[in-house]
Every structure is written in C-alpha cells, then in structure tokens.
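Chain A is the first sequence line, chain B the second, and so forth, proteins listed ahead of strands; every chain is numbered from 1. We use all heavy atoms of the structure for the numbers below, so side chains are in, but hydrogens, waters and symmetry mates are not.
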Amino acid sequence: MSSIAQYLLNGLMQGTIYGLVAIGFTIFFGVMNVIKFSHGDVLTFGAFGGLVAAWAATALGFPIWLELVFVVLISVMASAAIGAIIARGLVLPLKDAPPLNMLLMTMMVGTAIRECIRLFFPNGTNPQRFPELLPSGGFDLSGVYFRYDGLILIAAGIAFIFAVQWIINRTRLGLAIRAVAEDGETARTMGINFTLTVAIAFAIGSMTAGVAGALYGLYYSEINYSMGLILAIIGFSAAIIGGLGNIWGAIVGGYLFAGLQTAVVALLPALSDYKNVIALIVVVALIAWRPTGLLAERGSERV
Amino acid sequence: MLGSKGGVWGLAVSGLVLMAAANADGAFAKEKVKIAFVGPLTGSNSQHGIGGRNSAELAVKLKNADPATKYEYELVALDDECKPNVAVQVVTKIASDNSIVVAVPHYCSAAAIATVDIFHRFKLPMVIWAAVLPQITYAKKVPEIHRVSGTLIGQNRVGAQFMKERGYKTFVSFADSTDYGKSMNEYFTKFTNENKNEILGAFAVPPDQQDVSAELTRIKELNPQVIYFGGLTPLGTRVRTQMEKLGITAQLEGNSGIMGDAFISAVGPELAEGTLTFFDSPPLSKMPGGKFFSDNYTKAGYTQSPEAYGPFAFAATNLVMEEIERVGPNRAKITEALGKVKDRPSIIGPITFDDYGQNITPLTTKYVVQDGKWTIWEESEYATGKRKLKNLP
Amino acid sequence: MTVTSMKGTAGQIVSSILVTALLVGSLVAVLEIEDQRALGICVAIIAGLSFLAPKLGILRGAEQAGAHHPWAVRLIILIGFCSLVLILKDNNFALLMIATILIYATVCLGITIQTGYAGLFNFAGAAFLGTGGYTAAMLANATWLPDIVTILLGGVIAAALGTVLILPVLRTRGHYAALTTLAFGVLFNGFLEANEMLGGPQGLKVPGIQIFGWDFSNDLVIGSLSFSFYANYVLLIGAIFALFMIFTRFIERSWIGIWLDAVRLDEIAVSVFGLRISVWKSFAFTAGNFLAGVMGAVYAKMTEFIAPANFTFGDSLLLVAIVLLGGIGNRWGVLVATMIVILLPEKLQFIQEYRLLLFACIIILLLMVRPAGLLARRVRVFEERH
Amino acid sequence: MSAGSKNESPLIASGLSVKFGGLLALNELSIEVRRGEVLGLIGPNGSGKTTFFNVISGIYAASAGQVLLDGRDITTLRPHQIAAHGLARTFQRSRLCLSLSVFDNLMLGAVRRLNSGLWYNLVRRDRLAADVRSAAKEARDLLAIFNPDLAGKLWQPAISLGMIDRRRLEICRALIGRPKIVLLDEPSAGMTHDETNQLMNEILEVRRNLGNLTVVMVEHEMGLIERATDRCVVLNYGKKICEGKYADVAADPLVREAYLGKS
C-alpha cells in the first residue's frame with residue numbers, strides 16, 4: 001500500500017511539471033490561436049539559464065537561499081525573455097499564416113534552440129548536473145519516502161499555477177490579455193496595445209516554462225539539452241485533452257497524463273515499455289470521445 | 001535562356017576541373033589517401049560521435065606529421081545520425097567514392113547492422129570503432145567487416161562473474177529500449193541465470209524518458225540488492241539521481257554505456273561513488289601510448305572529451321593507416337591485410353581479429369567510482385575492503 | 001527571350017523543355033559536384049535561374065503546356081528522366097539519392113491529398129511509411145507472394161491502419177486533429193521500439209525486390225550499358241511516382257478535387273449543400289496513407305533494412321515541411337521541395353554537427369520569406385475545349 | 001417536382017426550441033412556410049432568425065420541437081441529408097470558398113447532381129470532361145441572368161469578385177442545385193441601397209423563372225421586405241410575436257415595441 005502513496009507523489013510532481021508546460025500552450029493558443037511548439041525548448045533554455053545562474057552564484061559566494069532565489073529568477077527571466085522574443089520576432093509576423101506554417105515554424109525554432117544549447121553550451125551534449133539547493137533528506141512515513149525538496153517543489157509549482165490563474169483572471173493585465181484573446185481587433189480599438197499585450201502574454205506563458213525548468217532541475221538534479229522535446233509533446237497533449245484555451249483544462253490534462261504513465265507502470269509492470277504508447281492511445285481515444293477537450297465548452301461554431 | 005542553361009553545364013565542368021586541380025596539388029607531395037569516419041554527429045548520441053571523430057582526426061593529424069609515412073591521409077567524416085536509413089545513405093556515398101579506401105564507421109549498432117551488406121557489396125573494408133552488438137560481426141562471415149570494440153558479451157560475462165564473487169543474489173535490470181539496451185539486458189539475463197542468481201524484474205524505457213521514478217518505485221518494492229543498468233549516460237544519470245530521490249539504496253552496476261567522465265560530472269561525485277562498470281579497455285594511463293593520446297587530444301584543442309570510445313576510434317584509424325602503409329591504398333589488399341591482424345599493439349590493448357573480423361582480445365576491465373574518478377577495481381579501496389559496495393550481503 | 005515569345009504552342013513546349021532541363025541539370029550538378037566552392041557557385045546559378053524562370057514566363061509557359069499538351073509534356077519529362085539515369089548511370093550514391101527523393105516526394109503527394117486538399121493535418125506520415133516498410137519485412141518469408149503484391153499490400157495495410165485514426169480525425173479540427181496524428185506517430189514509434197515481434201529497436205533485414213526474375217540487387221545491364229543496381233529502383237520508383245502524380249492530378253481536376261478543397265475551406269457551409277464531409281475526409285486520409293504505405297514497402301526493400309529509428313516524429317515533420325515548402329497543394333512544388341530538403345542536409349555534411357541547426361534556420365527563413373511556399377498552387381481551371 | 005405537387009406546406013416547424021448554455025435562442029417557435037411564397041423573417045438583432053435557419057439546415061440541433069420538410073421529419077438529420085431533401089441556403093456572412101474559382105463554388109451547390117464516383121472521376125475522364133462542359137454552360141447561363149459580366153469570370157477565383165457579385169454567386173450556388181426551398185440570410189448585408197434593390201429584382205426574376213420557388217428570407221432592409229415578401233413572421237427573443245402581411249405586421253404595437261423598445 002505504501003507504494004501507492006509513493007506513486008501518487010511521483011505522479012503529482014510529474015503532473016505539476018506537465019501542467020505548467022500545458023498552461024503555456026493554452027495561454028499562447030488563447031491569445032493568438034497558435035500552437036507554439038518551441039515551448040518545451042524554451043523550458044530547456046530557462047533551465048540552462050538557471051544552471052548558469054547557479055554557477056555564477058557559487059562563484060560570487062551567495063548564501064544558499066539567495067542562490068536558490070537567483071536560480072529560479074534567472075530561469076524564469078531567461079525563458080520569459082526568449083518567449084517574448086519568439087513572439088515578437090517570429091510568431092506575430094506570421095500571425096495570418098496558416099496554422100500549419102506556424103506549427104512547423106515553431107517546431108523549427110525549438111530545434112534551433114535545442115541545437116544551440118547542444119553545440120554552444122560547454123559540454124552541452126552531455127547531461128548537466130543541477131545543484132541541489134533545497135534541504136535534502138526527508139522522512140519515511142509508513143514506507144513512503146517523502147523528500148522535503150519534492151514537497152516544497154510540488155507546493156511551489158501549484159502555487160505558481162494559482163498565481164498565473166490569478167494574473168489572467170483577476171488583474172488588469174489579465175483583462176487586457178483576455179480582451180486580445182477574445183477579439184484582437186476590438187481590443188485594439190479599445191486602446192489596448194496589441195503587440196505589447198501579446199508579447200507580455202507570451203512572456204507569462206514562457207515564464208511557466210521557466211518555472212517548470214527550474215523545478216525540473218531542482219527535483220531531478222539533472223538537466224539535458226533534449227529534455228524539452230518530449231515535454232513539449234506531453235504538454236501539448238495535456239493542453240489538448242484538457243481543452244485548449246482553458247487553464248484548468250491544461251492542469252487537469254497534465255495530471256491526467258502523469259497519472260496514466262504512472263498507472264501503467266504501477267498496475268501493469270510487464271507493459272512498462274509500453275507506458276508512453278498506452279498513455280498516447282488513451283490521449284487519442286479521449287480526443288475521439290471529446291473532440292474539443294475535457295473541459296472546453298462544447299460551443300457551436302458561429303455561422 | 002539556353003545560354004544560361006549551358007552555364008550550368010559549364011559550371012559542372014568547371015567544378016570537375018576544380019576538383020581535378022585540387023587533386024593535382026598533391027602531385028608534388030605524397031599521394032593523398034582518403035579514410036572515411038562515420039558516427040553520430042547530431043542527435044542525442046553526438047557527444048560520442050564527435051569524440052570519436054576528434055580522436056580519428058587526431059590519429060590522422062599525428063600520422064601526417066610523421067615524415068616517414070608514404071601517404072598523406074585525409075579523414076572524411078560523415079554523420080549517420082544513428083539512423084539506419086541515413087547510415088545506408090552515407091555508406092553508399094563513401095563506398096561509391098573510389099578515392100576512399102577504407103572506413104571507420106558507426107557508434108550505433110542499428111546503423112552498423114544496416115550497412116554491413118553495403119560494405120560487402122562495394123568491397124569497402126571497414127573497422128568498427130564502437131558499435132557493440134554481437135551480430136554485427138557474428139551474423140555471418142563478411143571479409144570486409146572488422147571491429148576493434150569488444151562485443152557486449154564480454155562485459156556482461158565479466159560483470160556477472162564479478163557480482164557473483166561479491167555474493168550478490170538479487171538483481172533488477174533497467175535498460176533503455178534501444179537495440180543496445182535490449183541486447184545488454186539479454187546477455188545480463190543470460191549470464192546472471194547461468195550463475196544461478198535471481199532477476200526480480202526487468203524494465204525498459206525509451207532513452208529520452210525524463211522521469212523514471214515510476215519504474216524506480218516499482219523497483220523499490222522489489223527491493224533488489226543490485227540494479228543493473230544497460231543504457232547510455234543520459235538515462236543512466238537520471239536513474240542514479242532519481243534512485244537517490246526515492247531513497248533506493250541498491251548497488252548500481254553499469255556498463256560501457258555510462259563509462260566516461262560525463263556520468264560522474266552529471267550525477268556528481270557523491271552519487272557516483274561506488275558505481276561499478278565493466279568496460280573493454282583499461283584506463284589510458286595504463287596503456288602504452290595512452291598518455292600520448294590524451295596529451296595530444298588536449299593539445300589539439302578539442303573542447304569535447306573523446307568519451308569512452310574515442311580511444312577505440314583512434315586505435316581503429318591508426319590500424320587502418322598502418323595497413324595502408326604496408327599494402328598501399330587498395331581496398332581489396334586492405335581487406336586482406338586486416339583479416340590477418342594479430343596481436344597488434346594499440347592504445348586499447350593488442351588487437352586480434354578472428355575469422356569474423358571481431359577483435360577477440362579486448363581487455364575487459366572492472367571499474368568503480370572512487371572520489372569522483374573511474375578507478376580500476378583492483379587498485380581501489382573497495383577491493384582492499386577500506387570502502388564497501390552497497391547492500392553487500 | 002521575352003514574355004510574349006513564351007506564348008503559343010512552340011513557346012510552351014520550349015518552356016517545358018527548359019524547365020525539365022533545369023531540374024535534371026540541377027540534380028546532376030548538385031549530385032556530381034563534391035568540391036564545396038564549385039558547388040556553392042553552382043547552387044547560386046541554379047537559384048538565379050529558378051528566380052529568373054518565372055520572370056521570363058517560362059514557368060507559366062510550362063504550366064500551360066502541361067494543361068494544353070499533357071502528353072507532349074509527359075514525353076519531355078520521360079526523356080529528361082531517362083537522360084538523368086543515363087548520365088548518373090554508375091553513380092550509386094546519386095541514384096540512391098534520386099530514388100530517395102522520389103520516395104519522399106510520393107509520400108508527400110499523399111500528404112498533399114490529405115493536408116493540401118482536404119485540410120487534414122498529418123503528423124504521422126512516417127508512421128504510415130513505416131507500416132508499409134514493416135509489411136514488406138513481415139512478408140519477406142512469403143516468397144510465393146510476388147513483390148508487386150507485397151508493395152501493394154504495404155499500401156493497403158497502411159491505409160487500413162489509418163482507419164483506426166479516422167474517427168478522431170473526423171471529429172476534430174485544426175490543432176486537435178494535429179495532436180491526434182502527432183500522438184499516433186509517437187506511439188507508433190514507441191510501439192516498434194518496445195515490441196519484440198517486429199524486430200524491436202534493432203530493426204529487420206528486408207530482401208530486395210525481384211519481379212519476374214528481374215533481381216533488383218544486380219547491376220542493371222541494358223545492351224552494352226551497365227548501370228548501378230540502384231538504377232532498377234530508380235526506374236521502378238520513378239514509374240510509381242509518375243503514376244501517383246497522374247492520380248493526384250486526376251483527383252485534383254475532378255469533382256472530387258472540388259469537394260476536397262471545399263472540405264478544407266469551409267466544411268460547414270458545404271455540408272449544407274449536401275456534401276458528406278466524413279466520406280471525403282476519410283477518402284483523402286486513406287488515399288494519402290496508401291501512397292505512404294506503398295512507398296514504405298519499396299523503401300524498405302531498397303535499403304534492405306528497416307528500424308524504428310527511420311520512422312520518428314522528426315521524419316514525419318520532415319514530410320510536412322516538404323509539403324509546406326513546396327507550396328501546399330502544388331504537386332510539382334512537392335518534387336522541388338523534396339529535392340531541396342533531401343539534398344540539403346546531405347550537401348551540408350561538411351559542416352557536420354552544425355547541420356541540423358542550419359537546416360532549422362533555413363526552414364524558418366523560408367517560412368518567413370515565402371509563407372506560401374516555393375510554387376504556389378494555382379486556381380483550378382477545367383479545360384473546356386477538346 | 002414530384003413531391004412538390006402535393007399541396008401541403010413544404011416546411012413546417014413546430015414547437016422548435018434551441019438552448020445555448022442557459023440561453024433560449026429559440027423558444028417553442030412554430031412557423032409554416034406555404035408553397036410558392038416568399039416569407040420574410042424579421043426581428044431585432046439576436047432574436048433568433050439565423051438560429052432558425054441553422055436549425056432548419058441541420059447545423060444546430062434543436063433541443064425540442066420538430067421540423068417537417070415536404071412532410072418528412074428532418075429534425076435530427078445531418079446537414080447533407082437535409083440538403084438531399086431539397087433545401088438550400090445562403091449565409092449572412094459570405095461563406096464562399098474564396099480561393100476557388102467561381103465555377104468550383106457554383107458546383108458545390110450542385111453536389112447532389114454530380115457524379116462523385118471514383119471510377120468515373122479517375123478513369124472515365126472523357127465523360128467527366130463532357131459533364132464539365134455542360135456544367136460550365138449551365139453555370140454561365142445562370143450567372144448571366146444576374147450579371148452577364150459574371151458569366152465571363154467563371155474561371156476566376158471568387159476572391160477577385162466585388163461584394164455584390166459574391167452575393168450573386170452565393171445565391172446562384174443555392175439555386176443551381178434546384179432546391180424546393182431556399183433560405184436567404186440577409187442578402188442585402190454589406191451592400192448599398194441601390195445594389196440591394198438591383199439584387200432583389202434579380203432574385204425575384206430568377207425565382208419566377210424557376211416556377212415560383214419557395215423562399216424564406218431574413219432581412220433588415222424593411223423596404224425590401226415590403227416589396228419582396230408575401231408574408232412576414234416577426235421574431236423576438238426566439239419567439240414568434242406576430243405574423244401576416246407586411247403592412248399589418250408593421251402596424252402591430254408588439255412589433256414596434258420590439259424594434260424601438262418600450263418608451
């Protein structure tokens with residue numbers, strides 16, 4: 001029984017990371033109706049930014065709590081910056097192009113980011129060790145091993161999810177973003193700076209990737225240049241099965257995907273090779289069942 | 001328009017003239033001989049490919065610096081991306097190029113299996129520098145095929161024997177789902193069973209899977225003494241770090257796939273401490289010429305490390321150049337000469353090819369991580385009993 | 001030559017000869033020249049000519065020739081193709097590249113029917129290619145089965161496998177549909193890697209093609225001329241490609257072509273006129289997968305080896321990239337784009353580990369500069385006179 | 001028109017309701033369309049006129065009620081099935097396939113008459129070519145009734161047409177399938193007064209040529225309604241509030257209130 005709790009804990013951590021990635025997808029889709037597939041690689045970029053920050057902090061002799069703050073801050077800023085740059089430089093100019101062009105373009109941007117890290121980061125092809133900045137150790141509760149860092153990170157991730165939700169739904173900035181999402185033209189006539197709002201929305205969406213990247217590094221103590229690709233596929237799946245444009249949908253999708261993967265290993269250990277295959281079959285089946293996602297309104301098309 | 005059309009042809013012709021001119025440059029110097037190197041230069045295995053390429057390049061550079069050689073060598077390096085179809089493409093390319101007389105190909109076994117027939121068809125001799133699946137050489141006798149790296153059978157035989165001697169009884173196998181991992185698992189299972197030890201479970205995950213905690217939780221339930229890992233460094237790193245996160249205290253037994261500094265630097269010296277591997281080459285410092293290789297590698301200014309198989313690429317390239325010096329740049333003659341290689345000294349130990357072209361004298365060596373360094377077991381504090389492996393019965 | 005001189009029958013025929021010659025000449029030059037500097041100059045000249053051709057009305061002329069004198073143009077292309085094989089006759093590598101280009105181009109014709117016409121995204125092209133390949137591998141022991149049948153079965157099985165996806169594809173649109181196929185492509189690859197029955201990650205050996213005692217793995221000898229054994233494959237694949245080019249054209253220039261376009265452009269509006277959207281979506285999806293499956297079988301038999309690593313998400317992406325770069329819905333654009341996409345990384349070998357980065361940058365640049373692709377699709381005009 | 005020879009009303013909607021979320025877009029609406037008439041459907045914005053069209057043509061599902069087309073229950077049928085029973089429509093916002101030619105757009109209206117068989121389309125190219133020729137002639141003739149210039153633009157993309165020609169094309173697309181009943185959703189939208197008048201004359205002319213085709217028309221231009229319709233139905237909040245000749249309807253206090261609001 002104890003291992004069930006252990007699986008749950010693992011699944012929760014994975015789900016939080018997936019959910020964070022999916023939120024980014026859903027924000028981009030909401031605002032610009034685009035799928036920005038480079039999102040996973042923006043995450044990687046943020047995580048590597050955090051790694052460089054950690055090296056700098058060590059060199060400067062920061063205390064460990066300051067190093068932690070610095071690492072997370074730089075991760076978030078690095079991914080927000082590159083997200084905004086991609087939005088401004090590549091996504092906006094192509095906003096009227098067919099969706100397929102945008103999809104391919106952002107996939108290629110992701111490839112370019114990935115390759116740049118691999119080629120230009122020192123020893124970039126190899127996995128990199130991410131410093132452990134959170135209290136190590138943990139406690140054993142009837143056979144379940146709770147690590148402090150895991151608990152802290154899950155809490156932090158969930159807190160950030162709520163923060164993003166709050167920004168989008170409760171602030172003036174969020175109002176502007178939602179206005180642009182609803183109808184770009186009208187928002188413009190209402191005096192909202194369209195380009196700036198889009199760039200900010202992309203920055204916020206990318207920040208979630210930065211947070212996910214930092215969480216990933218702190219939790220797994222290891223990052224590598226190619227971790228973004230599979231996370232992008234999973235995050236995209238999560239956002240879709242939840243229902244694009246719906247933040248809660250993205251979160252549900254994230255935990256669902258993690259739950260599926262964990263369940264296959266826990267319940268059908270003989271099929272653990274097929275973990276992703278089974279999870280993706282369920283994704284396809286879910287899409288067939290609810291073609292616009294689990295939480296999306298089943299709104300009818302305007303005719 | 002027709003004029004411009006003619007321009008294309010004119011250009012094609014002038015291109016050929018240019019090529020001819022380039023070749024003519026060497027007319028006064030030594031005859032130029034081309035050797036092809038093939039390995040993954042892009043993708044997730046590219047650190048090995050680039051390390052191997054650098055090492056092969058180094059061998060060529062050092063050889064060319066030697067005034068006593070008969071020929072001037074040129075290395076043509078190509079990327080097979082570790083994909084069979086791309087490998088078929090690039091090998092067809094080098095095989096159709098008659099100026100290339102011999103090849104040093106492949107890190108990934110799937111690529112090598114796909115190209116064996118092409119090397120044979122075009123009668124291009126080759127010496128594999130890293131792919132380790134047994135059937136590349138042993139599926140059938142092909143005169144052109146040779147391999148300096150040992151098959152993964154040896155590593156596993158030595159490993160299983162070693163673990164038995166330490167008294168370990170229960171194992172779990174954790175491999176990646178590539179050909180490499182599957183084959184590793186196969187021979188691990190074979191030898192472990194022969195030793196009458198118990199395998200509690202076997203797991204396979206794609207090499208790019210990031211989170212392995214679900215599998216590890218399952219392993220924690222099984223509570224083995226040893227986790228056998230059959231995969232490459234990136235996944236190995238994740239397994240080791242996530243074992244720690246889940247509080248798994250089993251002994252980690254690795255293989256050639258995690259051999260190299262990358263593993264230790266990625267998991268950190270504390271976590272790496274005590275990890276075992278079995279690898280087909282003693283440390284460079286123990287080999288004649290090993291220090292020469294590492295010094296020159298550093299001196300050449302390569303930023304990427306040669307990785308575990310760099311020395312093999314260096315040895316293979318040197319071997320083919322030695323044969324060319326002896327019999328001349330002729331494919332058939334090189335094939336014949338390579339078939340007779342016996343006890344040839346190299347930085348990875350003496351090389352002897354059997355009838356299948358397989359190097360049968362790899363010096364499989366036991367390593368353990370001690371203070372952030374791969375240390376030969378016999379020289380480690382673990383062997384003396386000063387430090388202890390985990391979960392020793 | 002001026003724009004006016006390109007009109008009229010003679011002008012059109014001359015135009016199509018010029019365009020064919022440009023294509024053949026470029027291929028020969030790019031494949032035969034190894035010297036980097038010469039290649040650079042050569043590529044610049046090809047680019048210049050390609051830029052000039054539309055300005056001088058040659059492209060338009062060739063297009064009109066295709067519409068008014070289809071058989072004459074087909075003859076010209078056939079002559080061009082034969083001379084290509086003749087020039088490259090013993091260059092194994094060049095012929096392998098030509099065969100690879102034609103294989104990818106055919107698969108992309110399938111995706112053109114799916115995405116370009118019916119508007120269905122397919123990010124699992126490599127999976128259907130792989131299905132054909134694995135069918136050929138599985139049927140290797142059934143030696144009593146003629147290889148032609150095996151190849152056709154590759155297409156049939158791929159099309160049949162595609163029906164698994166039909167329900168979600170029919171029910172979804174846009175990005176949701178994109179994910180459906182994307183997920184399928186990834187899971188297909190994962191399945192190949194995980195299972196043992198289909199060879200697992202190591203892949204399988206596949207025997208070469210034999211048709212009526214004609215063994216494709218022997219060098220082709222015609223009279224006193226001896227060709228590389230790849231010439232066999234180039235001829236067969238060329239024939240299949242030509243067949244599917246005509247098939248695709250016939251689909252496009254028919255009522256069905258209109259229905260497919262309408263399904264893409266506004267399925268709600270046209271359903272009101274009685275068009276059965278699901279039928280035509282299924283048709284386009286199945287037809288495209290059939291093409292991919294057929295070529296997958298041929299591809300496996302040509303390389304005599306298949307492994308899961310050949311059919312990854314990245315490969316599916318490559319197929320989509322080709323269709324987009326060519327100009328979505330344009331059959332000839334597919335061919336031109338395939339040449340570029342297949343030959344570019346090969347010719348970029350000299351920059352080795354920087355290849356993929358440069359390739360990504362070039363695609364991004366092309367998407368920014370030419371969002372409609374290299375050759376935009378023209379409005380369909382039915383020929384009224386006969 | 002074999003089915004049409006029966007003298008019943010070709011379209012009967014009874015007790016039709018449509019819900020969007022909590023909103024009742026149609027509220028137990030009953031409308032009967034008589035054979036050969038031009039029925040005007042009017043009402044303020046959001047009163048449910050277009051929703052009514054969408055339910056009839058099968059795009060939206062009704063949550064309650066029934067629709068009979070020539071005595072057949074079509075309430076639960078899919079759009080393409082309803083089309084097969086002889087219903088055609090236009091859309092308020094232009095829904096031409098702009099990148100396709102005028103001919104292609106027209107042919108979409110004739111889907112049911114054209115042979116979609118694979119053998120025919122891919123192999124019997126000679127027969128196909130002959131059919132294309134006769135279809136092109138028919139298309140030109142139809143377009144010429146509206147605007148002779150338009151007939152000459154058969155192979156041009158629809159996007160090259162002006163606003164009024166696009167509207168003409170949409171109407172022709174609805175007519176070429178020889179429907180029994182046509183729904184016109186605001187034919188005047190986006191056009192000037194003169195253009196609207198001209199277009200309406202053309203529509204009425206063509207309708208007479210087609211043997212007094214039954215037409216239901218949503219329109220805001222009251223002049224048009226007055227001139228073109230035989231009878232009007234007024235909707236408000238998804239309910240029918242009034243029905244009758246235009247003059248009677250226009251005088252109804254309920255209608256005035258709906259348009260002007262309570263004063």
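Minimum interatomic distance between B/A266 and A/R129 (heavy atoms only, all atoms of both residues): O-CB, 3.1 Å.
Going from atom OG of A/S221 over to atom CZ of B/R238 covers 13.0 Å, rounded to the nearest 0.5 Å. Note that CZ of B/R218 is 13.5 Å distant from OG1 of A/T262, once rounded to the nearest 0.5 Å.
Identified by a heavy-atom distance below 4.5 Å to chain A, the contributing residues of residues 299-311 of chain B are B/Q304, B/E307, in residue-number order. At a heavy-atom separation below 4.5 angstrom, chain A is approached by B/S46, B/Q47, B/I50 within residues 45-55 of chain B.
For chain A, the nearby parts of B/E215 are the backbone and the side chain; heavy atoms of each come within less than 4.5 Å. Proximity to chain A (any heavy atom under 4.5 Å) is shown, for B/V205, by neither the backbone nor the side chain. Looking at B/L41, only its backbone comes within 4.5 Å of chain A, counting heavy atoms on both sides. In this structure, no portion of A/Y274 lies under 4.5 Å from any heavy atom of chain B.
Other residues, nucleotides and ligands contribute at most 12 non-hydrogen atoms within 6.0 Å of the CG atom of B/D261.
Most heavy-atom pairs under 4.5 Å with chain A, from the set B/S213, B/G201, B/S177: that is B/S213. The candidate with the highest count of non-hydrogen atom pairs below 4.5 Å against chain A, out of B/L216, B/D211, B/L271, B/T237, is B/D211. Counting heavy-atom pairs closer than 4.5 Å to chain B, the top-ranked of the candidates A/K275, A/R118, A/E222 is A/R118. For the options A/M13, A/M227, A/Q128, A/E132, heavy-atom pairs under 4.5 Å to chain B are most numerous at A/M227. Highest contact tally toward chain A, considering only B/G260, B/A202, B/A214, is held by B/A214 [criterion: heavy-atom pairs under 4.5 Å].
Side-chain N or O atoms of B/T241 include one that pairs as donor or acceptor with a backbone N or O of A/Y220 at under 3.5 Å.
With contacts defined as side-chain heavy-atom distances shorter than 4.5 Å, the pair A/N10/B/T217 qualifies. At a threshold of 4.5 Å between non-hydrogen side-chain atoms, the residues B/Q242 and A/Y219 do not count as touching. Within the 4.5 Å cutoff, side-chain heavy atoms of A/N276 are placed close to those of B/P206.
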